[in-house]
Amino acid sequence: MDEAVENSRSTDALAASDAVEIIGLHKWFGDFHVLVDINLRVARGERIVICGPSGSGKSTLIRCVNALETYQRGEVIVDGVLLTHDLKRVDEIRREVGMVFQQFNLFPHLTVMENCTLAPIHVRKMPRKEAEAVAMHYLTRVRIPEQAQKYPAQLSGGQQQRVAIARALCMNPKIMMFDEPTSSLDPEMVKEVLDTMVALALDGMTMLVVTHEMGFARQVADRVVFMDEGQIIEINEPEAFFSAPQHERTRAFLGQILAR
Amino acid sequence: MAQETRPKPVSIAYVRTAPPAQVAPPMTAHGPLRWIKENLFSSWFNGLLTLLVIALLLWIVPPLLRFLVIDAVWSGADRTACLPSQEHPEVGACWAFVREWFSFFIYGPYPVDERWRVDLFFVLLAFGTGWMLWLNAPRRDLGALFFFVALPILTVLLLRGFPLLGLPIVDTTKWGGLFVTLIVAAVGIVVSLPIGVLLALGRRSDMPAVKLVSTLFIEFVRGVPLITVLFMASVMLPLFVPPALSPDKLVRALIGIALFSSAYMAEVVRAGLQSIPKGQYEAAQALGLGYWRTLALVVLPQALTVTIPNIVNSFIALFKDTTLVFIVGIFDFLRTIEIARIDPRWATPVTSFTGYAFAALFYFVACHLMSRYARGIERRRSAAERR
Ligand SMILES: Nc1ncnc2c1ncn2[C@@H]1O[C@H](COP(=O)(O)OP(=O)(O)OP(=O)(O)O)[C@@H](O)[C@H]1O
Ligand SMILES: [Mg+2]
């Protein structure tokens with residue numbers, strides 16, 4: 001009952017405003033307090049870059065947004081819908097939130113084309129022909145239409161990651177999340193993936209990106225979020241974030257990462 | 001220091017200026033002698049093993065060949081043909097006996113006039129199996145529908161009878177021989193795969209009740225011999241259902257076999273499920289596929305492909321285990337041989353040997369074909385992985 005009332009309220013209030021709203025979020029892995037009082041609003045069309053040292057909870061945070069992780073306290077509201085344990089709700093949200101993983105996670109038993117059409121056909125109930133046309137459109141956008149009939153193992157890392165981006169886009173999501181999309185790529189392939197992401201940002205996609213690519217953050221981020229030990233330490237626009245970090249931990253982190 | 005005592009290299013830097021010359025691969029020696037030396041006698045130990053194996057083969061193969069082929073009796077009307085005589089002091093396998101009893105081995109006591117129904121069943125089974133095993137066959141979804149739905153129904157109507165269509169009822173007490181063995185094995189195989197998958201999923205489930213029941217079932221069935229399961233199915237099952245509904249003797253044995261093989265299949269499938277990385281589940285879920293679609297479209301296709309060799313292995317074990325159903329009174333292939341070999345018309349010293357040799361040959365060929373198929377699949381898969 002209460003929940004239903006709360007849901008309808010948030011739906012009304014937020015339908016036109018925020019893409020993601022995270023309020024007072026806490027999460028524990030057993031005794032380990034991995035996310036501590038996280039508050040973050042992501043407006044529609046906004047590009048957020050999240051950075052921070054390893055183990056600071058960046059992945060866990062964005063995985064809470066599409067319910068790959070559950071949380072114990074606080075609220076996560078995505079596209080106006082409060083994420084609860086209601087599985088139907090969860091699947092509805094996941095359709096609207098695309099996710100790109102560090103390890104690509106393409107389905108190795110399916111061709112590139114089948115990877116891209118699987119969810120549109122089986123989740124969105126799109127006719128196969130139409131799904132293939134959509135897939136071809138996005139494969140062209142990530143500039144690998146000619147690889148459509150190959151299997152993931154036949155592609156380079158950068159190509160695989162671009163397929164993963166196309167696969168997520170084929171669901172026509174409202175929000176795209178990236179968890180260190182370039183971290184397991186060879187250096188010469190990082191650029192092709194970043195270029196794809198920049199193009200996506202220029203189209204006005206709402207993006208939540210965990211990355212240490214500071215060039216990308218400077219270029220496209222509306223705001224940069226710095227996390228450490230499960231807390232948000234600092235949020236600022238990239239210009240201010242990089243030139244005048246406020247918190248000492250931010251300064252230390254930036255010092256390390258820019259020195260590389 | 002150390003560096004200074006070393007002669008100074010002319011130049012450390014290097015830039016390739018001309019393309020490398022094309023060089024043919026070095027010639028390797030060929031020829032059978034070379035092969036023998038390299039493979040059979042590469043070391044004194046290998047050589048010793050080779051000689052031992054040759055001795056073993058010389059010891060076993062010639063007498064076997066003499067018994068099964070050279071001294072064998074291929075035709076004759078009764079036992080006199082297979083008894084030692086003046087012209088035939090040594091008598092080998094009595095294939096004449098197998099020839100006379102052959103149709104009994106295939107059909108058991110099934111009425112002679114109705115045996116065409118069994119033949120039709122063989123054809124349907126071969127057709128369905130072929131469709132399923134041929135991985136590039138067209139419309140394998142239809143094939144699966146035929147194999148898993150149409151074939152069982154047709155089999156019951158055909159073999160048991162359907163008076164409306166003019167097929168008189170043939171009671172299962174009249175069933176026997178090879179076709180019963182095939183039915184028992186096929187039911188065990190066909191039922192064990194889906195139930196095994198469900199049990200394997202249940203054992204990995206987050207729901208404690210489901211997990212407990214699956215684990216208990218698997219561990220219990222795996223912890224007792226097949227004979228026990230068969231006895232329980234055949235003796236205890238009738239205790240739980242009203243006598244009017246009490247299933248047929250053959251059906252009870254089939255249930256026993258199916259339960260037994262499902263538990264083993266569950267463990268095989270579980271190993272396959274464990275080989276699928278967590279990222280596959282996450283990627284599927286992030287696309288909104290949900291639990292069942294994630295399993296059906298992403299996880300199971302991969303898990304079952306990696307386990308095909310193990311699945312076929314347990315099918316082979318199951319196929320041989322079906323011989324135990326004679327304990328609960330089912331007339332399987334081996335049982336028909338047991339009956340035939342004590343026929344007084346064919347009472348000779350070699351009749352039993354011949355019967356058992358025939359059975360061994362049959363089981364060997366069937367199991368060998370299955371394992372060849374599994375190897376073929378495996379080779380195909382490793383070729384696909386090298387793509
Ligand atoms: N399933 C889990 N169970 C227990 N602890 C976990 C689990 N997943 C993550 N953790 C812990 O939670 C902390 C935060 O993990 P998370 O993956 O969110 O960090 P991260 O900021 O993404 O780090 P990285 O840059 O290395 O990816 C880490 O200390 C990690 O060990
Ligand atoms: Mg991470």
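Naming convention: chains lettered A, B, ... in sequence-line order (proteins, then strands); numbering from 1 in each chain. Atom set for the values below is all heavy atoms of this structure, side chains included, hydrogens, waters and symmetry mates excluded.
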B:Arg293 side-chain N/O to A:His122 backbone N/O, donor-acceptor pair under 3.5 Å:
yes

Out of B:Ala284, B:Ala286, B:Pro301, return the one with the most heavy atom pairs under 4.5 angstrom to chain A.
B:Ala286

Say you draw a straight line from CG of A:Leu68 to NZ of B:Lys278; how long is it, rounded to the nearest 0.5 Å?
9.0 Å

Do other residues, nucleotides or ligands put more than 12 heavy atoms under 6.0 Å from B:Arg140 CZ?
yes

Would you say B:Leu289 and A:Leu118 make side-chain contact, with heavy atoms under 4.5 Å?
yes

4.5 Å side-chain heavy-atom contact, B:Glu282 and A:Arg63:
yes

A:Phe101 portion near chain B, given a 4.5 angstrom heavy-atom threshold:
side chain

Counting heavy atoms not belonging to B:Arg204, are there more than 12 under 6.0 Å from its CZ?
yes

List the steps, then state whether side chain to side chain contact (heavy atoms under 4.5 Å, CB included) holds for A:Phe107 with B:Leu287.
CA-CA 12 Å; A:Phe107 306 131; B:Leu287 288 166; 4.0 Å; yes

Counting distance only, does the side-chain N/O of B:Gln280 pair as donor-acceptor with the main-chain N or O of A:Leu106 below 3.5 Å?
yes

Highest number of heavy-atom pairs under 4.5 Å with chain A: which of B:Gly290, B:Gly288, B:Pro277?
B:Gly288

Atom CD of B:Gln285 and atom CG of A:Asn66: how far apart are they, to the nearest 0.5 Å?
9.5 Å

Should the heavy atoms of other residues, nucleotides or ligands under 6.0 Å from NZ of A:Lys129 be counted, would the total exceed 12?
no

Give, as side chain, backbone, both or neither, the part of A:Arg167 having an atom under 4.5 angstrom from any heavy atom of chain B.
both

Would you say that more than 12 heavy atoms from the other residues, nucleotides or ligands in this model lie under 6.0 Å from the CZ of A:Phe29, or not?
yes

Option in A:Val100, A:Val90, A:Asp91 with maximal non-hydrogen atom pairs under 4.5 Å from chain B
A:Asp91

Checking the side chain of A:His109 only, and the main-chain atoms of B:Leu297 only, is there a donor and an acceptor separated by less than 3.5 Å?
yes

